[in-house]
Amino acid sequence: MRRLDRDEARRIAVRAQLLDVPQPTELVDMVDRLTLLQIDPTAAVAPNADLVAWSRLGAGYRPADLTRAQEVERSLFELRAMIRPVTALPWQVPEVTDYLAQPSIAHWIEANDAFRRDVLALLRDAGPLPSRDVPDTAQVPWGSTGWTNNRNVTQMLEFLSARGEVAVAGRVGRQRVWDVPERVYPPFEPLSPEAAKRRRDERRLRALGIARPGRKPVPGEPTSAGELGVPVVVEGVDGEWRVHPDAFDGEFTGRTALLSPFDRLIHDRERALDLFGFEYLLEMYKPAAKRRWGYFALPILHHDRLVGKLDAKADRKAGTFTVNAVHEDVPLSGAVRDDVDAEIAALAGWLGLELLRAG
């Protein structure tokens with residue numbers, strides 16, 4: 001079995017996530033390579049999708065580019081809080097995963113077939129519409145111990161989008177606007193469930209570069225690519241890994257980058273700890289007094305190392321970007337500090353905010 005040292009493994013991961021030099025220049029090509037941009041409403045610095053795009057594309061990226069690609073050019077589409085390239089439709093829609101296979105979901109949709117047909121007829125005649133304009137005609141309410149309890153319209157739309165029966169046509173602010181798929185998606189032929197799963201696994205491994213096989217399923221995008229790829233072991237780390245065959249090729253030239261807490265380089269916290277020795281926890285749900293790194297701390301990448309976290313906040317009303325602290329996981333040399341400071345200034349400039357340092 002092929003052996004990698006941790007430097008090699010880290011560089012494979014960084015290069016696969018387009019965080020090396022040269023940086024990508026095209027938004028849709030970048031999303032295609034990463035396979036997705038995750039949507040999250042938290043915007044302590046910037047929304048996740050925009051922050052991930054900026055960290056790859058740099059100052060030339062504008063959030064309007066993402067909106068245009070989704071709503072005008074239709075080169076990207078949204079499905080279950082993930083933005084993906086439209087070329088991925090054949091293996092993403094319908095979403096044949098454990099999500100829709102849950103008996104509670106299948107039984108609820110079946111019990112509400114008249115409600116389902118009401119929703120489809122309304123969108124066909126009057127779409128696109130936000131969920132608030134879709135009447136709730138559910139025969140059986142959706143039951144949950146969480147925030148989705150009795151949110152029948154939003155749940156039905158979510159499930160039907162996963163089945164490919166409705167589609168997200170765009171957004172007004174944070175609110176999704178729904179329509180029938182033939183007015184949103186170009187014509188495509190879905191792959192079989194088996195072929196679709198294999199294609200998703202292949203694309204995911206290419207985007208990660210290196211991943212564990214056989215990881216337990218997690219909500220949202222999986223962190224494993226099954227048994228695909230080249231089996232390897234990483235020196236100093238227990239167990240087997242899988243590497244995309246193309247990930248061994250190419251030189252590595254590193255750079256400094258500020259990452260979103262949801263960035264796929266560090267999204268799998270166990271993988272980040274194994275490969276980078278990087279401990280991270282999103283602390284926005286912790287009381288302020290118990291936070292170690294900050295409400296929405298941004299991981300700091302320098303070449304092939306994760307070297308710290310940036311505690312900062314964007315105040316758009318005040319027009320300021322305030323740096324509360326740069327937490328160093330390892331002592332930073334003067335040159336690395338300069339690179340980190342330059343990236344912080346670049347982020348403030350991209351946000352159009354005045355850079356301030358607390359204290």
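The residues of the chain are indexed from 1 along the displayed sequence.
- Residues meeting the side chain to side chain donor-acceptor pair (under 3.5 Å) test with Glu227, sequence neighbours left out: Arg242.
- Legend: residues meeting side chain to side chain donor-acceptor pair (under 3.5 Å) with Glu182, ordered by chain and number and at least two apart, are absent.
- In summary, Glu221 and Arg204 engage in a salt bridge, as defined by a charged side-chain N under 4.0 Å from a carboxylate O.
- Partners of Arg199 under the side chain to side chain donor-acceptor pair (under 3.5 Å) rule, at least two apart in sequence or in another chain, do not exist in this structure.
- Residue Ala13 comes nearest to Ile210 through the heavy atom pair CB-CG2, 4.0 Å, listed as atom of the first residue, atom of the second, then distance.
- Checking Asp315 against Thr320 by side-chain atom types alone, no donor-acceptor pair falls below 3.5 Å.
- Counted by atom type alone, Arg264 and Gln38 present one or more donor-acceptor pairs between their side chains at under 3.5 Å.
- Here Glu270 pairs with Arg215 under the salt bridge (Lys or Arg N to Asp or Glu O under 4.0 Å) rule; sequence neighbours left out.
- Asp179 and Leu123 make their closest contact through OD1-O, 3.6 Å (heavy atoms, listed as atom of the first residue, atom of the second, distance).
- Trp142 and Phe115 have their aromatic ring centers separated by at least 6.0 angstrom.
- For Glu279 and Lys309, the salt-bridge test fails: no basic side-chain N is under 4.0 Å from an acidic carboxylate O.
- For the pair Asp274 and Arg271, the salt-bridge criterion is not met [side-chain N within less than 4.0 Å of a carboxylate O].
- Side chains of Ser260 and Asn48: a donor-acceptor N/O pair is present below 3.5 angstrom, by distance only.
- Evaluation of the side chain to side chain contact (heavy atoms under 4.5 Å, CB included) rule for Thr87 yields Asp32, Pro85 as partners, not counting sequence neighbours.
- When the side chain to side chain donor-acceptor pair (under 3.5 Å) test is applied to Thr42, the partners found at least two apart in sequence or on another chain are Asp40.
- Salt bridge status for Asp201 with Arg198: absent, with no side-chain N to carboxylate O gap under 4.0 Å.
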